[in-house]
Q: 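Before I ask anything, here is the structure I am working with.
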Amino acid sequence: MWTLLLAPAAVGAYAWAARQRRADRERFGHPATVRQLATALRPRRRTWKAGLVVGALLLGAVALMGPRWGTEVRTVERRGVDLVVALDVSASMRAQDVPPSRLRRAKNEVRTLVGDLSGDRVGLVLFAGQGVVQSPLTTDYGAFRLFLDAAAPDQVSAPGTDMSAAVDAGLQALGATGPAEDTTTAPGEPRPRALLIISDGESHAGDLDAARQRAEEAEVTLLTAGVGSEEGARIPVYENGRRVDVKRDRQGEVVQSRLQEAPLTRLAQSGAYFRIGAAASALSDVPAALRQVGASTYDAERFADYEEMYQWPLAAALVLLLAGSLLPVRRRAAPGMRVGAWLGRAQTTE
């Protein structure tokens with residue numbers, strides 16, 4: 001609303017300037033004599049010019065307020081895939097054969113993956129010896145990243161790597177306890193859902209065939225990603241945030257953790273398998289795989305759309321400013337007056 005104060009401020013400035021001119025004329029001499037001498041001035045045009053400038057400021061203030069006209073109700077549909085990322089947070093994910101570590105590299109890749117999505121709902125599951133739903137399905141990618149950044153091995157107490165538990169937790173997050181049905185989709189349109197499991201595949205437990213069967217019955221596409229290297233690396237042990245040792249077996253031998261791709265490819269027989277290595281990652285191909293899964297309408301939002309009209313008062317303000325700049329406030333001197341003035345200046349110089 002402060003823009004509306006520009007016009008009153010301009011009026012006040014012009015009024016003050018007019019009072020100053022009158023006071024100067026009164027100090028100079030008698031008002032009637034001064035008016036006769038100042039034949040070149042056009043006071044009315046000065047007033048018109050001030051009015052044009054004030055009007056331009058007022059119209060400019062109206063344009064800054066963003067006037068809009070008309071109302072059109074539009075419906076925007078949101079289409080996409082429901083994707084749940086199941087992230088392995090077991091102790092072996094601390095191995096550093098994929099720098100800075102398997103877990104941190106996987107988190108960075110998932111963060112990049114979410115940045116490449118558009119219109120898809122994402123959820124997060126953490127698993128080790130059991131699966132935990134960390135973030136429900138959401139289109140708020142910022143909130144998803146907060147849950148992802150907080151993912152750590154101590155958030156799942158059960159040790160090991162049970163990928164069947166990850167599948168069950170993923171189906172729970174997807175709401176896929178049976179065939180794909182959702183009231184937000186169009187009648188007869190299947191609900192596309194996908195579960196991406198990221199793990200090193202080591203020390204896996206659970207019946208993978210049964211887990212894959214449950215996902216197929218729920219019409220959920222299983223995607224897997226293996227993170228690590230075949231050479232493997234030692235598993236660091238931390239206490240109070242400091243590395244104190246490496247993991248050892250019962251005989252005291254140092255454990256060498258390696259990527260096990262067989263269980264991951266076995267689980268993704270009907271989907272796709274991706275590899276996250278030290279130098280490159282295939283997780284960037286996941287959006288293309290999701291497009292093959294399909295997309296459906298999961299939300300429809302109606303809102304009122306208005307036509308912007310600021311350009312009209314702005315154009316009128318420019319026209320008034322142009323007119324004010326072209327409006328002269330002084331008369332052009334007649335040729336005889338110009339000659340007389342020149343002779344007068346010449347006599348003065350002599």
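All values below come from the heavy atoms of this structure, side chains included, with hydrogens, waters and symmetry mates left out. Numbers here are sequence positions counted from 1. As the structure is a prediction and not an experimental result, all values here were calculated from the model.
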Q: Testing the basics here: between S281 and R105, what is the closest heavy-atom pair and its distance to 0.1 Å?
A: CB-NH2, 3.9 Å
Q: Mind checking side-chain contact (heavy atoms from CB on, under 4.5 Å) for A316 and listing every partner two or more places apart, or none if nothing turns up?
A: L59
Q: Just how far is it from atom OG of S164 to atom CD1 of I197, taken to the nearest 0.5 Å?
A: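 Result: 9.0 Å between the selected atoms.
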Q: Give me the one residue out of R111, K107, R104 that meets salt bridge (Lys or Arg N to Asp or Glu O under 4.0 Å) with D149.
A: R111
Q: Are the side chain of D200 and the backbone of G228 linked by a donor-acceptor contact shorter than 3.5 Å?
A: no
Q: Using every non-hydrogen atom in the two residues, find where A169 and V132 come nearest and quote the distance to one decimal.
A: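 That closest heavy-atom pairing would be CB-N, 4.2 Å.
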Q: Between L87 and F127, is there a side-chain heavy-atom distance shorter than 4.5 Å?
A: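 No, every pair of side-chain atoms sits at 4.5 Å or beyond.
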Q: Let me confirm one number: the CG-OG1 distance from D82 to T221, rounded to the nearest 0.5 Å.
A: 11.5 Å
Q: If you count every heavy atom of other residues, nucleotides or ligands that lies below 6.0 Å from E230 atom CD, does the total exceed 12?
A: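 No, the 6.0 Å shell around CD holds no more than 12 heavy atoms from other groups.
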Q: Are more than 12 heavy atoms, taken from residues, nucleotides or ligands other than R243, located less than 6.0 Å from that residue's CZ atom?
A: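 Yes - once you tally the heavy atoms of other residues, nucleotides and ligands closer than 6.0 Å, there are more than 12.
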Q: Do the side chains of V98 and V255 join up, straight or via other hydrophobic residues, at under 4.5 Å, putting them in one cluster?
A: no
Q: Can you tell if the side chain of Q172 reaches within under 4.5 Å of the side chain of V133, non-hydrogen atoms only?
A: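 Yes, close enough: below the 4.5 Å cut-off.
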Q: Identify the heavy atoms of P153 and L103 that sit nearest to each other, and give their distance.
A: CD-CD2, 3.8 Å
Q: Over all heavy atoms of both residues, which pair between Q130 and S157 is shortest? Give the atoms and the distance, please.
A: NE2-OG, 4.2 Å
Q: Hey, does the side chain of R214 reach the backbone of V167 with a donor-acceptor pair shorter than 3.5 angstrom?
A: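 Side chain of R214 to backbone of V167, a donor-acceptor pair under 3.5 Å: no, none is there.
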Q: What's the separation between atom CZ in R234 and atom CG in D245, rounded to the nearest 0.5 Å?
A: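 Result: 9.5 Å between the selected atoms.
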Q: Using the rule that Ile, Leu, Val, Met, Phe, Trp and Tyr join whenever any side-chain heavy atoms are under 4.5 Å apart, tell me whether V114 and V286 fall into a single cluster.
A: yes
Q: So, Q155 side chain and A152 main chain: donor-acceptor pair closer than 3.5 Å or not?
A: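 Yes; judged by distance alone, with no hydrogens or angles, the pair exists.
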Q: Drop me the distance from L259's CG to R275's CZ, to the nearest 0.5 angstrom.
A: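 One finds 5.0 Å between CG of L259 and CZ of R275.
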Q: Not counting sequence neighbours, which residues clear side chain to side chain donor-acceptor pair (under 3.5 Å) with D154? List them please.
A: none
Q: Tell me whether Y310 at atom OH has more than 12 heavy atoms from other residues, nucleotides or ligands lying less than 6.0 Å away.
A: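 Atom OH in Y310 is not crowded, with 12 or fewer foreign heavy atoms closer than 6.0 Å.
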Q: Salt bridge (Lys or Arg N to Asp or Glu O under 4.0 Å) between R291 and D120: does it pass, once the steps are laid out?
A: CA-CA 10 Å; R291 299 287 80 83; D120 301 308; 3.0 Å; yes
Q: Would you mind listing every side chain to side chain donor-acceptor pair (under 3.5 Å) that reaches into residues 247-259, with sequence neighbours excluded?
A: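 Matches after skipping sequence neighbours: R102-S257, E202-S257.
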Q: Would you compute the distance between atom CG of L208 and atom CE of M163 and round it to the nearest 0.5 angstrom?
A: 5.0 Å
Q: Would you give me the side-chain donor-acceptor pairs under 3.5 Å for residues 263-270, sequence neighbours excluded?
A:
unit_1 : atom_1 : unit_2 : atom_2 : d
T265   : OG1    : E261   : O      : 3.1
T265   : OG1    : A262   : O      : 3.0
R266   : NE     : D209   : OD1    : 3.2
R266   : NH2    : D209   : OD1    : 3.4
R266   : NH2    : D209   : OD2    : 2.7

Q: Can you give me the closest heavy-atom contact between L195 and G170, atom names plus distance?
A: CD1-CA, 3.9 Å
Q: Quick check for you: to the nearest 0.5 Å, what is the distance between L314 atom CG and L318 atom CG?
A: 5.0 Å
Q: Would you mind telling me which of L113, L117, D285 makes a side-chain contact (heavy atoms from CB on, under 4.5 Å) with L290?
A: L117
Q: Using the side-chain contact (heavy atoms from CB on, under 4.5 Å) criterion, which residues pair with A225? Sequence neighbours excluded.
A: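 Partners of A225 by the side-chain contact (heavy atoms from CB on, under 4.5 Å) criterion, ordered by chain and then number, come out as L196, I198, F274, I276, L283.
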Q: Quick check: closest heavy atoms across A158 and A128, and the distance to 0.1 Å?
A: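 So the two residues come closest at O-CB, 3.3 Å.
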Q: The criterion is side-chain contact (heavy atoms from CB on, under 4.5 Å); which residues satisfy it with S135, sequence neighbours excluded?
A: L124, T138, F144, F147
